[in-house]
Amino acid sequence: MSPRFLSPRLVERALRLGFALLVAAIVGYVVLPAVVVAIASLNASAILAFPPDGLSLRWYATALGYRDFQRGLVNSLIVMAIASTLAVAVGAAAALYIDRSGHRLRGLLEAVLVSPMVVPNFTIGLGFLIFAVEVGQARTFGVVVVSHVVLVLPFVLRSIYVSLRNIDRRLERAAATLGARPGRVFLEVTLPMMAPGIFAGWVFAAVLSFNEFTASLFVTARSTKTLPVAMYDYVREYADPTMAALSTLFIVTTVILVVLANRLVGLDRILTMESPR
Amino acid sequence: MSAAERQETRSRAALPVRLQGVARSFGAVQALEETSLDVRPGEFLTLLGPSGCGKTTLLNIVAGFLEPDRGEVFLGEELVTYQPVHSRGIGMVFQSYALFPHMTVAGNVAFGLRMHGVPKAERAARVREALAAVALEGYGERHPAALSGGQQQRVALARAMALNPRVLLLDEPLSALDKSLRLQMQVELKAIQQRYGVTTIFVTHDQGEALALSDRIAVMRAGRIEQIAGPDACYRDPATAFVAGFVGDANRLAARVASVEGDAVGLLIGGRRLALPAARWRGEGAPAPGADAQLFVRPEAVALCEAGSADALPGRVAQVVFQGPSTHVLLEVPNLGSLTALVPAPAAAGLPAGAPLAARLDLAQASLFPADADDQA
């Protein structure tokens with residue numbers, strides 16, 4: 001007979017408690033950096049310390065007033081807007097082609113488009129830097145935008161491809177029987193039904209582009225420096241809570257964007273593949 | 001001639017549909033053998049068969065979703081074999097309804113009118129008219145997702161009919177509905193088809209639906225039309241053993257031809273000798289004495305009588321299935337197997353299982369095929 005304190009119910013309870021603690025720990029570790037940074041950003045003194053020795057919002061004012069950050073933000077927004085829009089256009093075309101053509105090279109095309117997910121951003125940045133120097137574009141927005149497009153494309157492609165796979169092809173057939181030419185079928189039926197996927201893809205691309213650092217470090221010049229690169233440069237020089245304040249703003253902005261996007265179209269719905277037709 | 005005018009001309013007279021030696025294969029699979037079919041103007045023709053029989057392939061060729069490997073398709077006098085779907089002037093209803101989820105009900109119904117350049121004011125009137133025809137007035141501003149399955153199917157029908165199509169194609173439109181709704185929709189579908197007088201091709205695997213709705217049924221199997229005839233003829237005079245087994249219920253009994261004398265074929269069934277009118281033989285040439293055969297007898301052509309009656313097959317009651325106005329009685333007949341009789345309910349009242357009874361077959365209503373006639377799908 002097993003000792004009384006090891007009754008099955010007690011064991012089950014202990015396991016459940018242990019599991020809950022584990023989940024809490026994982027969640028804790030995930031949000032820990034953000035929380036530490038957020039708290040450090042409120043420090044009254046000019047050192048990055050945790051816990052803070054007094055509360056103040058002055059570092060937020062410094063962060064928002066710093067010229068390099070202002071310029072970096074503008075650059076980042078320009079790159080983000082152009083890169084994610086281009087990525088969505090390219091991604092939509094590629095997704096359509098992959099889904100609609102019975103092409104033999106379909107698998108290869110898919111693999112190539114998804115490859116930036118396995119190639120380090122570092123490598124991509126270096127590659128584009130060498131290439132840009134070669135063609136005399138090293139100091140332009142062009143090379144930044146192009147490298148961002150390549151980096152976010154797999155995610156955009158995936159999002160749009162899934163929304164395309166979920167369209168019931170009989171809808172397109174029905175439109176054709178009603179007199180719609182192929183172009184009209186696309187504009188009136190296919191495209192509107194792809195729209196949520198395209199939007200989700202754009203949001204993904206925007207967030208990834210806005211946060212991208214590694215590749216940007218290589219391909220940005222003084223005049224095209226994006227915000228994360230400007231932040232890195234700042235950290236190398238100074239170690240005050242300005243950095244933490246800016247990081248906190250960064251996180252809050254991104255979270256608001258993603259939550260809004262989710263409210264608008266339900267990202268979870270778009271990112272799930274329904275049962276195959 | 002504007003598109004709108006063409007629509008008007010279309011509605012004046014129903015068109016015949018003619019398929020001439022149409023065939024189609026997918027890879028190594030011959031989905032449709034060389035098939036010719038004439039659908040009469042205004043006719044309700046059903047393509048009936050099990051899945052994989054080629055009925056959907058045939059419908060898709062008429063619609064223009066598929067090109068035949070050879071053969072031609074005519075709508076009226078017009079050759080449309082290679083004409084794209086959008087210019088064929090067909091209306092189609094799908095099993096899944098295929099309503100546009102991003103448009104309202106009215107938007108769905110107006111879609112075809114919009115594609116044909118019908119002016120906005122006229123469009124609204126015709127949408128209202130089409131929705132009224134399916135008893136959905138006032139539903140125009142709703143979205144398809146807010147409607148029941150039956151309502152969605154009626155919207156799909158209104159959408160197809162709003163254009164006054166030259167031909168209406170129905171691809172299993174009722175099979176997603178539950179049974180009672182399906183019966184109700186059968187009635188409505190037939191009424192609408194008759195009101196518009198549109199030539200209709202209906203695809204189904206449900207023989208009950210086919211019998212209830214069709215002017216003629218083309219029974220298909222393995223890429224071929226086995227028989228094309230009115231529901232009554234398909235039921236009473238099946239051309240092949242497959243049709244006999246697929247359309248309606250039938251008892252399939254093993255028999256042997258014992259003799260052929262004038263108008264009568266002597267049959268050995270379950271050890272008994274019975275006479276069948278020679279006209280009920282549906283094989284090639286004349287039946288050969290000694291040949292094995294299979295006899296199809298409808299349950300309603302089986303009468304129950306007292307055990308020991310002459311010309312009847314003796315057996316015992318295995319099961320009694322009460323069905324309201326009538327009752328199915330399953331009889332176990334030695335040396336033959338089970339036999340189902342459909343009798344008026346009072347005649348079967350109080351029959352205990354195991355009771356000795358005999359079955360008298362009305363062979364004037366039966367069909368006899370050679371034993372090797374292949375009746376499997």
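Protein chains get the first letters and strands the later ones, always in sequence-line order, with residue 1 at the start of each. Predicted model only: the values in this text are computed from it and were never measured.
Here the closest heavy-atom approach between residue B:His86 and residue A:Pro182 is recorded as CD2-CD, 3.8 Å. The heavy-atom pair separating A:Gly179 from B:His116 by the smallest distance is CA-CE1, 3.7 Å.
Remark: A:Arg181 CZ is loosely packed, at most 12 non-hydrogen atoms of other residues, nucleotides or ligands lying under 6.0 Å away. Dense packing is recorded around CZ of B:Arg195, with more than 12 heavy atoms of other residues, nucleotides or ligands lying under 6.0 Å away. Counting non-hydrogen atoms of neighbouring residues, nucleotides and ligands closer than 6.0 angstrom, the OH atom of B:Tyr82 exceeds 12 such neighbours.
Of the two parts of B:Leu169, neither the backbone nor the side chain holds a non-hydrogen atom closer than 4.5 Å to a non-hydrogen atom of chain A. Contact annotation for A:Glu188: both backbone and side-chain heavy atoms come within less than 4.5 Å of a heavy atom of chain B. If you measure heavy-atom distances from A:Arg184 to chain B, the contacts under 4.5 Å come from the side chain alone.
For the set B:Phe65, B:Phe111, B:Phe94, the entry with the most heavy-atom pairs within less than 4.5 Å of chain A is B:Phe65. For the set B:Pro101, B:Ala156, B:Pro84, the entry with the most heavy-atom pairs within less than 4.5 Å of chain A is B:Pro101. Contact count versus chain A (heavy atoms, under 4.5 Å) is highest, among B:Ser96, B:Gly91, B:Ala63, for B:Ser96. Of the listed residues A:Val185, A:Val189, A:Leu178, the one with more heavy-atom pairs under 4.5 angstrom with chain B than any other is A:Leu178.
Atom-to-atom distance recorded for A:Met193:CE and B:Phe100:CZ is 10.0 Å, nearest 0.5 angstrom. Rounding to the nearest 0.5 angstrom, the gap separating the CG atom in A:Leu171 from the CE atom in B:Met103 is 9.5 Å.
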Could you go through A:Arg173 and B:Asn60, starting from their C-alpha distance and side-chain angles, then the distance that decides it, and tell me whether this counts as side chain to side chain contact (heavy atoms under 4.5 Å, CB included)? CA-CA 10 Å; A:Arg173 289 187 156 197; B:Asn60 283 338; 3.8 Å; yes

